[in-house]
Amino acid sequence: MNPTQIKLVQDSFGKVAPISEQAAVIFYDRLFEVAPAVKAMFPVDMKEQRKKLMTTLAVVVNGLSNLDTILPAASALAKRHVGYGARPEHYPVVGGALLWTLEKGLGEAWTPDVAAAWTAAYGTLSGYMISEAYGPAQPAE
């Protein structure tokens, strides 16, 4: 990711943060719509899970300009997700739900450049997490 993309991700997330609870609801609704089988990996009461999602996103977004500060936590998170039943093929589905949520939440502020920046950010982080959890040879398809 280049500095312009990092700024786009950070600025656009700043617009989503005030509606973080709503954004998290939209995200999980979308995720469970496109991948109903993953719903079993989550608690029935999603309130705490939604908070965790938005907190984690905030940490990642704020750390994009210094990836070394967030990579250890991303590695630990990836390894924990293996225990929850996550597989490499889930990462693109989650990424799609995240991008869809951001598009809905940002409306006209979701420009092609913002979309490309978020795609790069998610691709970078998910690729790292997959390699940490499953080894470098695992496909994300």
Side-chain angles (χ1 to χ4, degrees), residues 1-2 4-141:
M1 290 189 68
N2 64 47
T4 301
Q5 289 176 315
I6 291 169
K7 181 158 177 38
L8 284 170
V9 168
Q10 290 173 336
D11 290 351
S12 61
F13 187 74
K15 295 173 185 168
V16 173
I19 59 159
S20 63
E21 174 69 20
Q22 182 183 0
V25 169
I26 293 168
F27 168 79
Y28 283 111
D29 285 352
R30 178 64 174 177
L31 179 62
F32 299 154
E33 177 185 331
V34 297
V38 303
K39 190 170 185 174
M41 295 180 202
F42 293 89
V44 174
D45 182 355
M46 290 291 293
K47 186 173 183 172
E48 192 61 34
Q49 182 65 35
R50 289 190 297 264
K51 285 181 187 176
K52 286 180 184 179
L53 169 71
M54 297 312 291
T55 299
T56 302
L57 275 175
V59 169
V60 169
V61 167
N62 291 329
L64 285 176
S65 51
N66 188 1
L67 278 178
D68 291 340
T69 64
I70 60 172
L71 291 181
S75 175
L77 181 65
K79 291 170 184 172
R80 277 196 313 274
H81 276 79
V82 173
Y84 304 145
R87 298 188 310 266
E89 60 268 21
H90 292 138
Y91 282 80
V93 176
V94 169
L98 176 63
L99 296 176
W100 187 88
T101 300
L102 291 164
E103 181 180 3
K104 298 302 173 203
L106 290 169
E108 290 183 11
W110 182 255
T111 66
D113 287 343
V114 171
W118 273 98
T119 299
Y122 186 80
T124 298
L125 193 63
S126 66
Y128 174 78
M129 290 175 70
I130 290 167
S131 72
E132 286 294 293
Y134 307 99
Q138 297 297 316
E141 298 175 39

For Leu8 and Trp118: C-alpha separation, side-chain torsions, deciding distance, then whether side-chain contact (heavy atoms from CB on, under 4.5 Å) applies. CA-CA 8 Å; Leu8 284 170; Trp118 273 98; over 6 Å; no
Take Thr101 and Lys104 through the side-chain contact (heavy atoms from CB on, under 4.5 Å) test and state the conclusion after the steps. CA-CA 5 Å; Thr101 300; Lys104 298 302 173 203; 5.9 Å; no
Quick one, Met41 and His90 - any side-chain contact, counting heavy atoms below 4.5 Å? yes
Report yes if the side chains of Trp100 and Val34 come closer than 4.5 Å at any heavy-atom pair, otherwise no. no
Closest contact, heavy atoms only, [X] versus [Y]:
X      : Y      : value
Ala121 : Val9   : CB-CG2, 4.2 Å
Ala78  : Ala133 : O-CB, 3.6 Å
Ile70  : Val60  : CD1-O, 3.8 Å
Asp68  : Pro72  : O-CD, 3.4 Å
Val114 : Ala109 : CG2-O, 3.7 Å
Arg50  : Ala24  : CB-CB, 3.5 Å

Would you please test Val93 and Val38 for side-chain contact (heavy atoms from CB on, under 4.5 Å) and show each step? CA-CA 10 Å; Val93 176; Val38 303; over 6 Å; no
Donor-acceptor under 3.5 Å (Ser75 side chain, Leu71 main chain): no
Any donor and acceptor pair, going by atom type alone, linking the side chain of Tyr122 with main-chain N or O of Tyr91 inside 3.5 Å? yes
Testing Asn66, Leu67, Asn62 one by one against Leu64 for a side-chain contact (heavy atoms from CB on, under 4.5 Å), which residue passes? Leu67
Between [atom1] on residue [X] and [atom2] on residue [Y], distance to nearest 0.5 Å:
X      : Y      : atom1 : atom2 : answer
Glu48  : Thr55  : CD    : OG1   : 8.5 Å
Ile19  : Leu106 : CD1   : CG    : 7.5 Å
Lys7   : Gln5   : NZ    : CD    : 14.0 Å
Leu125 : Leu77  : CG    : CG    : 8.5 Å
Ile26  : Glu21  : CD1   : CD    : 10.5 Å
Lys47  : Lys51  : NZ    : NZ    : 5.0 Å

Aromatic rings Phe32 and Tyr28: how do their planes relate, parallel, tilted or perpendicular, breaks at 30° and 60°? tilted
